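Right, one structure below, let's go through it.
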Number of protein chains: 2
Amino acid sequence: MTNEDVPKDKRLKPGEAQKLTMAEVAKYVGVSAMTVSRAFRQDASVSEETRKRIMEAVDALGYVLDLSAGSLSSRRSGFIAALVPSINNSNFSDTARGITDALENTGLQLLLGYTDYSAEKEEELIEAMLRRRPEGIILTGGSHTARARRMLAKAGIPVVETWELPEDPINQVVGFSNSEAMSLLVRTLAGQGYRKFGYIGGTTARDTRGSQRRSGFQKTVEELGLGPGRMISFGVPPITMEQGGQAIVSLLERWPDTEVVLCVSDLSAFGAIMECTRRGMKVPRDIAVAGFGDYEISSICHPRITTINVDCYGIGRQAAGRLLHALQSGEATGDEITLTGYRVVLRESTDRNGTPTA
Amino acid sequence: MTNEDVPKDKRLKPGEAQKLTMAEVAKYVGVSAMTVSRAFRQDASVSEETRKRIMEAVDALGYVLDLSAGSLSSRRSGFIAALVPSINNSNFSDTARGITDALENTGLQLLLGYTDYSAEKEEELIEAMLRRRPEGIILTGGSHTARARRMLAKAGIPVVETWELPEDPINQVVGFSNSEAMSLLVRTLAGQGYRKFGYIGGTTARDTRGSQRRSGFQKTVEELGLGPGRMISFGVPPITMEQGGQAIVSLLERWPDTEVVLCVSDLSAFGAIMECTRRGMKVPRDIAVAGFGDYEISSICHPRITTINVDCYGIGRQAAGRLLHALQSGEATGDEITLTGYRVVLRESTDRNGTPTA
DNA sequence: TCATCAATTGTTATCGATACCATATTGTCG
DNA sequence: CGACAATATGGTATCGATAACAATTGATGA
């Protein structure tokens, strides 16, 4: 049957005509399909000469392996699933990049999803991912719906939670304490003489890392005897640069004598600083500002922003590494916690010796 | 066979024990597997009561549909593949987000890959994607290896090229002319009285959109009789904020009387402006700077950056929309070109009336 | 020289869902 | 009231690769 025999609207597009299968490649070469299958794997026993002939045929015919058939048979999907809150946030896209890089040459492919900081969306996505039977799954944070937890348990695959230290880990963890990191920043700045601390973050508890940073701030300010922190909540996470600007205005209206403002992320810190600059205030002379996450912008902008550097890329790489390890060692791995580093990066925006060159 | 019967190292993890299949759910409910399969699809004919019983059983047993089996049988993978140069660039992650959103509730899932601006990497990824038999594929740009083109043709699936207007489109296109967009920016600024134009971009031709912007700049500057543009190439794409800063220093060393510098993206423009500020130059009083892409940062920073706004999100949405359309209408769609909008956004960084409030 | 073994290749069953067709059941209309 | 349609459900083959096992070949060594 050629294209001429079928009605026009059912005609295949050029090239679509023959859906090649392994069996056809095999026939073309004069071997069995099994041998062709073997030729595609590096560990299989096929003579070099046969493999070469097969690969030439594959090339000539334009055959492309069909992994969905293969994975059904081998019961290995070749997928790793990863869920991040947002892909438009460079911290998380760095993590995604780390995962991708770690998966290179492992024969595993990344299935990426965005939860929009919502546990319900996460639940949906987990189900959607599990329908593809991933061999492992990487999540952001430790806050999941009950059904999500049940599905994950039932799936029987290694799970890595990242970016936090969940109280009740599912399996493996690769992350750090957001609360302690923020605490360290508070202590460092207090050590420089700052006393009147403000904080800018999002409103809801959807962003668990944000909440942890906030409580780390709150707790530490009180521990240092600096009274209750001056907290402004602004916008649904992730809070934007613009919201950072609006938030610092509210904060300074309410507590005009604030000396330093810590922000849930560098993005809001940047927005805050720009807004201050626009209103004629000098950072850090009139008000000091610090962020969290060490985004590229913070080392470039003027003034440069004091922040907490987080190893976003490393979180991804290590999370994928833990999964790979678990897959190799026969899934019998214990539930480990891998701590990733963070450090305070002091820059111009909190420099006590006044303003930078302007 | 219980867990006790198997050697310890082969024991399944808790919960993994029974890999549930549809047949088991069916037996549990007392219907056929086929009926269970139907219950999972909204268009299939199953009585409401049966569907309800089945879904209760699914819930009770914790069954999760296996799409890899389903797609083999139905010959529909449920995947859409998309390749972007980088996920760490917010322009492209916006496009990815647009695709994801457009795919919501279509039963299609996004398989995302990063080409790192490399046609070779793209070729590899195209093959990796095709092995999953996606129902459509979205590419960035129109520059592909010959083998990539062959594979795509053979795959017989709709292809959408985005972010450019390729000279030789494979199938559908959703994008705009980077060259004309840059040209428009040059003309607009020339209309404001600028005469001595500089340009900052990456070195190689890997980033085809970058090259197109550059040639649009070059051509237009000459057409306007403003002599050859002052071009600086700096770094392998994507060029960073920091490289933007280094580039403008080189450019001003070489051509100190330059009046306005156009940058391949807002990121390098931002870096350039910050570096100028640090060196005591005021933007735009001493030097005007414009970017491309209208990143969030450009409307927030100080001075705000003149740029070309591109509908990144819309490119993704429309590209996915074109694919969906092609899939519905039986793949017989013609090869269309969908133009997406762009516009000049004039801001402080090129304001001829001197510096903004500082 | 013959048994043994490693390397290579083939055969068959199977992974788990769905397409396709058949069948049972209920309802409808002249 | 009988024939036919519409709805609901079941049975079987099948998607395309791979696991598991079998078979063939040539080489090796006692």
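Every chain is numbered from 1, with letters handed out A, B, ... down the list of sequences. The structure displayed is predicted, hence computed values, not measured ones.
Taking atom NZ of residue B/K27 and atom P of nucleotide C/dA17, one finds them 14 Å apart after rounding to whole Å. The interatomic distance linking B/R75 (CZ) with C/dC20 (C1') rounds to 13 Å, in whole Å. One can place CZ of A/R76 at 12 Å from C1' of D/dT18, the figure rounded to the nearest angstrom. Across the protein-nucleic acid pair, B/R51 atom CZ and D/dA8 atom P stand 10 Å apart, rounded to whole Å. To the nearest angstrom, C1' of C/dT18 lies 12 Å from CG of B/D66. Computed from coordinates, the B/M22 CE to C/dA17 C1' distance equals 6 Å when rounded to whole Å. Atom pair A/E49:CD and D/dT25:P shows a separation of 17 Å (rounding to whole Å applied). For B/L20 and C/dA17, the CG to C1' distance is 14 Å, given to the nearest whole Å.
For B/T50 and D/dT9, the shortest distance from a side-chain N or O to OP1 or OP2 is below 4.0 Å. Residue A/Y63 places at least one side-chain N or O under 4.0 Å from the OP1 or OP2 atom of D/dA17.
Residues B/V64 and A/V31 each lie close to DNA chain C; by heavy-atom proximity, the contact nearer the 5' end of the strand is made by A/V31. Along DNA chain D, the nucleotide nearest to B/S47 and the one nearest to B/S73 differ in position, and the one closer to the 5' end is contacted by B/S47.
The pair A/K52-A/E48 fails the salt-bridge criterion, with no side-chain N (NZ, NE, NH1 or NH2) lying under 4.0 Å from an Asp/Glu carboxylate O. The existence of a salt bridge linking A/R131 and B/D66 is excluded, since no basic side-chain nitrogen approaches an acidic carboxylate oxygen closer than 4.0 Å.
Rounded to 10 degrees, the angle between the two end axes of the helix from C/dT1-D/dA30 to C/dG30-D/dC1 is 30°, with five pairs used at each end.
Around atom CZ of A/R51, more than 12 heavy atoms belonging to other residues, nucleotides or ligands sit under 6.0 Å away.
Here C/dT9 is the nucleotide among C/dT9, D/dA17, C/dG16 with the atom lying nearest to any side-chain atom of A/S45.
Here the OG-CG distance, from B/S118 to B/D116, works out to 7.5 Å after rounding to the nearest 0.5 Å.
Seen from the ring of A/F79, B/R132 counts as a face-on cation partner, given the 6.0 Å and 45° thresholds.
Closest approach of A/F92 to A/S86, counting heavy atoms only: CB-O, 3.3 Å. Contact record, B/A96 with B/L110: O-CD2, 4.2 Å, taken as the closest heavy-atom pair. Among all heavy-atom pairs drawn from A/P158 and A/N171, the shortest one is CA-OD1, 3.3 Å.
In this structure, B/S74 reaches the sugar-phosphate backbone alone: every heavy-atom distance under 4.0 Å involves primed, P, OP1 or OP2 atoms, never a base. Residue contacts for B/S68: at a heavy-atom cut-off of 4.0 Å it reaches no nucleic acid atom on any strand shown.
By the 4.5 Å heavy-atom criterion applied to side chains, B/Y63 and B/I54 are not counted as neighbours. B/T115 places none of its side-chain heavy atoms less than 4.5 Å from the side chain of B/T140.
Near-neighbour residues of DNA chain D inside residues 33-41 of chain B, defined by a heavy atom below 4.0 Å, number-ordered: B/M34, B/T35, B/R38.
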